[in-house]
Amino acid sequence: MSLEPRPGILDIKPYKPGAADAPGIANPVKLSSNENPMGCSPLARSAFEATSKNLNLYPDGGATRLRVAIGEANGLDPDRIVCGTGSDELLQLLGRAYLSPGDKVVQSQYGFLVYRLVAMQSGAELVSAEEKDFTADVDALVKAAGDDARIVFLANPNNPTGTYISHDDVRRLREALPESTLLVVDEAYAEYVDEPDYGTAFGLANEYDNVVVTRTFSKIHGLAALRLGWAYADKSIIDVLNRVRGPFNVNLPAIDAGIAAIKDTGFQQRSAEHNRQGLAFMRQQLGGMGLDVTPSVGNFLLVHFPETKGKTAADADAWLTSKGLIVRPVAAYGLPGALRITIGLDTDNRKVADALAEFMAA
Ligand SMILES: *Cc1c(COP(=O)(O)O)cnc(C)c1O
């Protein structure tokens with residue numbers, strides 16, 4: 001080939017999203033991408049529809065109205081917020097701005113796959129710190145970071161494990177890392193968590209100029225299709241991200257729907273409550289079948305299957321797919337023995353539980 005990309009680019013395995021089809025089944029149940037089974041806020045949908053009259057217009061490149069609405073909803077300074085095409089884009093931009101070839105990036109063992117992509121795109125080296133009980137381990141992260149990590153990525157709660165570390169532990173991590181290491185706390189599922197020792201890292205981002213918190217509209221707000229996320233950090237970091245993002249990176253329908261969504265606390269509460277009940281139901285059902293379920297505070301469960309022939313995670317995945325129930329294999333995360341199952345509508349949760357009961361008994 002005469003035209004070669006930068007070294008390392010061809011080593012990247014493209015991100016594989018959750019499957020959406022089950023062969024031969026017309027309306028499968030998609031529980032593979034942690035989407036909100038309740039849809040989105042009706043107010044967000046109305047705002048989206050109203051925007052269809054203005055599709056000829058460029059959006060405000062700074063997404064100012066949206067940042068103000070996010071700031072009001074969370075008690076944050078809008079000047080310390082930058083919006084992105086999904087929090088994915090913000091993670092990519094952090095890599096673009098802060099990573100050079102050979103730099104060290106640290107994540108926990110079963111960290112979100114996008115961190116690996118971000119590191120590889122910049123030719124950086126990804127180091128994974130071993131987890132304990134499928135949970136990030138602060139001491140292992142600090143050790144892996146040493147004195148020269150450029151970025152430490154922590155999803156809290158994490159996907160695909162669903163586990164979290166306490167607010168005190170996130171602080172301990174920041175305190176133990178060198179000043180020159182950027183700590184990125186990915187809070188894609190924060191709105192679902194109500195454990196008393198959990199807390200957002202917004203406060204740390206106020207105190208430290210080397211902490212970035214990312215949030216998304218894809219999960220509890222149910223707007224994954226619009227690709228909308230945001231980051232909160234010291235103004236020096238926001239300034240950097242504003243220099244490397246596209247001039248109109250967030251589109252107008254996303255801005256208008258996002259403003260309506262962030263204000264609709266009722267929808268957020270209903271989604272969280274539905275998820276709480278669905279999580280408890282699924283944990284109880286699957287645990288009752290003898291399956292090992294990692295305790296999750298997200299909108300999904302990591303379920304571990306036996307290695308017995310006929311009963312493996314791959315067998316369970318094929319069985320569920322044959323019944324039109326699409327879940328997420330997580331072998332790419334180094335978890336070939338597990339499946340990640342999103343909490344769905346009650347009827348769909350029941351279908352998964354019944355199908356797995358049949359599978360385990362067969
Ligand atoms: C779903 C998810 C996101 C959100 O990505 P978007 O690009 O905002 O849709 C970010 N981080 C983690 C860990 C996730 O699971």
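First listed ligand is number 1; within each ligand, the first listed atom is number 1.
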Can a side-chain donor-acceptor contact be found between D197 and Y164 if the only test is distance below 3.5 angstrom?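 D197 and Y164 do have a side-chain donor-acceptor pair below 3.5 Å.
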
Atom pairs and distances, ligand 1 N/O vs protein N/O under 3.5 Å:
unit_1: ligand 1; atom_1: 5 (O); unit_2: S87; atom_2: OG; d: 3.3
unit_1: ligand 1; atom_1: 7 (O); unit_2: S87; atom_2: N; d: 3.3
unit_1: ligand 1; atom_1: 7 (O); unit_2: D88; atom_2: N; d: 3.0
unit_1: ligand 1; atom_1: 7 (O); unit_2: R227; atom_2: NH2; d: 2.7
unit_1: ligand 1; atom_1: 8 (O); unit_2: S87; atom_2: N; d: 2.7
unit_1: ligand 1; atom_1: 8 (O); unit_2: S87; atom_2: OG; d: 2.8
unit_1: ligand 1; atom_1: 8 (O); unit_2: T216; atom_2: OG1; d: 2.5
unit_1: ligand 1; atom_1: 9 (O); unit_2: S218; atom_2: OG; d: 2.6
unit_1: ligand 1; atom_1: 9 (O); unit_2: R227; atom_2: NH1; d: 2.9
unit_1: ligand 1; atom_1: 9 (O); unit_2: R227; atom_2: NH2; d: 3.4
unit_1: ligand 1; atom_1: 11 (N); unit_2: D186; atom_2: OD1; d: 3.2
unit_1: ligand 1; atom_1: 11 (N); unit_2: D186; atom_2: OD2; d: 2.6
unit_1: ligand 1; atom_1: 15 (O); unit_2: N159; atom_2: ND2; d: 2.7
unit_1: ligand 1; atom_1: 15 (O); unit_2: Y189; atom_2: OH; d: 2.6
unit_1: ligand 1; atom_1: 15 (O); unit_2: K219; atom_2: NZ; d: 3.3

Co-members of F267 in a cluster of I, L, V, M, F, W and Y side chains, linked at under 4.5 Å: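 Reading the cluster by chain and number, F267 sits alongside M38.
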
Distance under 6.0 Å and angle within 45° of ring axis: K311 vs F359: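 Judged by the rule (NZ or CZ under 6.0 Å from the ring centre, within 45° of its axis), K311 counts as positioned above F359.
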
For residues 205-222, which residue pairs pass the salt bridge (charged side-chain N to carboxylate O under 4.0 Å, His left out) check, not counting sequence neighbours?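 Those involving residues 205-222 are R171-E207, E187-R215, E191-R215.
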
What donor-acceptor contacts under 3.5 angstrom involve side-chain atoms of residues 250-260, with partners at least two apart or in another chain?
unit_1: N251; atom_1: OD1; unit_2: A254; atom_2: N; d: 2.9
unit_1: D256; atom_1: OD1; unit_2: R65; atom_2: NH1; d: 3.3
unit_1: D256; atom_1: OD1; unit_2: R65; atom_2: NH2; d: 2.9
unit_1: D256; atom_1: OD2; unit_2: T51; atom_2: OG1; d: 2.8

Please check if the number of heavy atoms outside D148 that lie under 6.0 Å from its CG is greater than 12.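 It does: D148 CG has more than 12 such atoms within range.
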
